[in-house]
Visitor: 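Structure below; questions to follow.
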Amino acid sequence: MSDYLLVHGAGQGAWSWGKVWGHMTAPEEHPPRLYRPRQAVRVQAVDLPGQGADLSRDAALVDLNEAVQAIFALAQRENFTDFVIAGHELGGTVALQAASQLPVAPKRIILVAGIVPSPGAAPVSAYPLPARAAVRLCKTLGNLTGRDFRVPPAIVNNYLCRGLDPMQHVETVGHLGPLPLRMLTQSVTLELDALPCPVTYVVLGNDRLISPARQRAMAGRIPNATVIELDAAHQAAAQKPRELADLLLAA
């Protein structure tokens with residue numbers, strides 16, 4: 001079986017994949033044997049520069065190339081040679097860019113509500129107008145004050161965490177960090193006709209941040225992409241981790 005490299009969305013980190021990781025790596029035997037061979041599937045979630053547990057950079061200043069280098073470093077460190085890249089939201093943009101630059105191409109790319117900008121557009125263009133305005137405002141205030149500005153609570157509650165139960169909401173909000181503003185607002189042109197592997201796009205049917213219609217339109221930009229529907233909100237990894245883990249393993 002292939003290994004998995006998981007890439008998180010904007011303002012999040014490797015933590016966002018925690019429950020999915022648990023389901024993907026759980027032993028099939030219950031109770032598990034005390035001594036057993038190494039698991040058939042290795043699952044590694046990356047912290048992009050300045051996000052999650054990586055505090056070495058200011059998240060607002062990190063660009064797409066630096067994020068791709070983090071993917072390269074993890075794949076090299078783990079010696080991934082037969083692997084799948086899965087990217088959620090902005091992590092989908094990073095995964096698509098990284099796939100063509102890695103010395104060993106992934107076996108498949110899986111985008112979970114992944115952002116696939118039209119040529120020359122910025123990833124933030126996938127957001128609804130209020131969320132786009134909030135990102136632009138955070139960037140302007142950050143440039144003026146030199147400080148990080150977190151996404152306004154109204155945007156988090158109405159778009160990012162919509163559909164979560166109270167505990168899932170608290171867990172998500174408690175871990176959110178500053179947005180990677182430069183990465184969200186820089187123009188991107190992806191070489192979608194030259195991707196080195198097939199792509200599966202998981203459309204989240206109850207996503208308020210990136211509408212299902214927009215997700216399907218972005219999936220349509222990728223030649224021969226396979227589209228799968230999951231009845232989940234934007235934070236599918238928190239809301240329906242087992243279902244998402246099963247989709248990743250099946251793909």
Side-chain angles (χ1 to χ4, degrees), residues 7-13 16 46 48-52 57-71 85-101 109 111-152 154-156 158-160 176-195 199 201-204 207-223 225 234-235:
V7 191
H8 61 81
Q12 302 186 50
S16 66
V46 65
L48 296 178
Q51 300 177 73
R57 290 293 314 276
D58 180 348
L61 301 180
V62 173
D63 64 16
L64 182 60
N65 183 62
E66 290 175 277
V68 168
Q69 290 304 310
I71 302 298
I85 294 182
H88 174 231
E89 193 220 79
L90 182 60
T93 311
V94 179
L96 289 168
Q97 185 73 10
S100 300
Q101 299 182 19
I109 301 168
L111 305 178
V112 182
I115 297 178
V116 187
S118 57
V124 74
S125 63
Y127 290 174
L129 181 58
R132 293 201 304 270
V135 168
R136 303 288 183 186
L137 178 61
C138 287
K139 185 175 183 180
T140 299
L141 293 175
N143 290 338
L144 290 173
T145 64
R147 296 190 296 112
D148 281 332
F149 279 83
R150 295 176 184 266
V151 62
I155 299 297
V156 174
N158 292 332
Y159 295 102
L160 192 69
L176 283 175
L179 292 176
L181 297 171
R182 184 176 181 186
M183 204 176 351
L184 279 169
T185 57
Q186 71 180 110
S187 62
V188 176
T189 298
L190 300 169
E191 300 296 332
L192 299 176
D193 291 326
L195 291 173
V199 176
Y201 197 108
V202 180
V203 173
L204 303 180
D207 197 332
R208 289 290 300 274
L209 183 63
I210 306 175
S211 71
R214 189 177 292 274
Q215 292 177 57
R216 295 185 192 99
M218 292 191 293
R221 295 172 184 156
I222 304 171
H234 186 74
Q235 294 298 106

Visitor: Between the side chain of Gln51 and the main-chain N/O of Gly11, is any donor-acceptor distance below 3.5 Å?
Guide: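 Indeed, once roles are kept as given, a pair shorter than 3.5 Å links the two residues.
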
Visitor: Rounded to the nearest 0.5 Å, what's the gap from CG on Leu160 to CD on Gln235? Could you check?
Guide: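 That separation rounds to 4.5 Å.
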
Visitor: Quick one: does any side-chain atom of His234 pair with a main-chain N or O of Leu204 as donor and acceptor, under 3.5 Å?
Guide: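 A pair under 3.5 Å: no.
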
Visitor: Quick one: side chain to side chain donor-acceptor pair (under 3.5 Å) partners of Arg216, sequence neighbours excluded?
Guide: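 Arg216 satisfies side chain to side chain donor-acceptor pair (under 3.5 Å) with Glu229 only.
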
Visitor: Could you list the residues that satisfy side-chain contact (heavy atoms from CB on, under 4.5 Å) with Ala217, not counting sequence neighbours?
Guide: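 Result, side-chain contact (heavy atoms from CB on, under 4.5 Å) vs Ala217: none returned.
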
Visitor: When rounded to the nearest 0.5 angstrom, what is the spacing between NE2 in His88 and CD1 in Ile115?
Guide: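 One finds 9.0 Å between NE2 of His88 and CD1 of Ile115.
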
Visitor: I'd like to check the side chain to side chain donor-acceptor pair (under 3.5 Å) partners of Gln215; sequence neighbours left out, ordered by chain and number.
Guide: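 Gln215 satisfies side chain to side chain donor-acceptor pair (under 3.5 Å) with no other residue.
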
Visitor: Once side-chain contact (heavy atoms from CB on, under 4.5 Å) is applied, do any residues pair with Ser118, and if so which ones, sequence neighbours excluded?
Guide: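 Counting only residues at least two positions away or on another chain, Ser118 forms a side-chain contact (heavy atoms from CB on, under 4.5 Å) with Ala121, Arg221.
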
Visitor: Quick check for you: to the nearest 0.5 Å, what is the distance between Arg136 atom CZ and Leu184 atom CG?
Guide: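 Between Arg136 CZ and Leu184 CG, I get 9.0 Å after rounding to 0.5 Å.
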
Visitor: Under the side chain to side chain donor-acceptor pair (under 3.5 Å) test, which residues partner Tyr127, sequence neighbours left out?
Guide: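 Only Glu89 meet the side chain to side chain donor-acceptor pair (under 3.5 Å) criterion with Tyr127.
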
Visitor: Distance check, rounded to the nearest 0.5 Å: Asn158 atom CG versus Leu209 atom CG?
Guide: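 Between Asn158 CG and Leu209 CG, I get 11.0 Å after rounding to 0.5 Å.
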
Visitor: Going by heavy atoms in the side chains, are Val62 and Arg182 under 4.5 Å from each other?
Guide: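 No - every pair of side-chain heavy atoms lies 4.5 Å or more apart.
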
Visitor: With sequence neighbours left out, what residues match Thr140 under side-chain contact (heavy atoms from CB on, under 4.5 Å)?
Guide: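 Per chain and number, Thr140 pairs via side-chain contact (heavy atoms from CB on, under 4.5 Å) with Leu144.
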
Visitor: Please answer whether the main-chain N or O of Leu195 pairs with a side-chain N or O of Ser100 as donor and acceptor at a distance below 3.5 Å.
Guide: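 The answer is no, because no donor-acceptor pair under 3.5 Å joins these two groups.
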
Visitor: Could I get the full list of side-chain contact (heavy atoms from CB on, under 4.5 Å) partners for Gln186, not counting sequence neighbours?
Guide: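 Counting only residues at least two positions away or on another chain, Gln186 forms a side-chain contact (heavy atoms from CB on, under 4.5 Å) with Asp63, Leu64, Met183, Val188.
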
Visitor: Output all residues satisfying ring pair (Phe, Tyr, Trp, His ring centres under 6.0 Å) with His8, sequence neighbours left out; order by chain, then residue number.
Guide: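 Result, ring pair (Phe, Tyr, Trp, His ring centres under 6.0 Å) vs His8: none returned.
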
Visitor: State the CD-OG1 distance between Gln97 and Thr189, to the nearest 0.5 angstrom.
Guide: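 So the CD of Gln97 and the OG1 of Thr189 are separated by 9.0 Å.
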
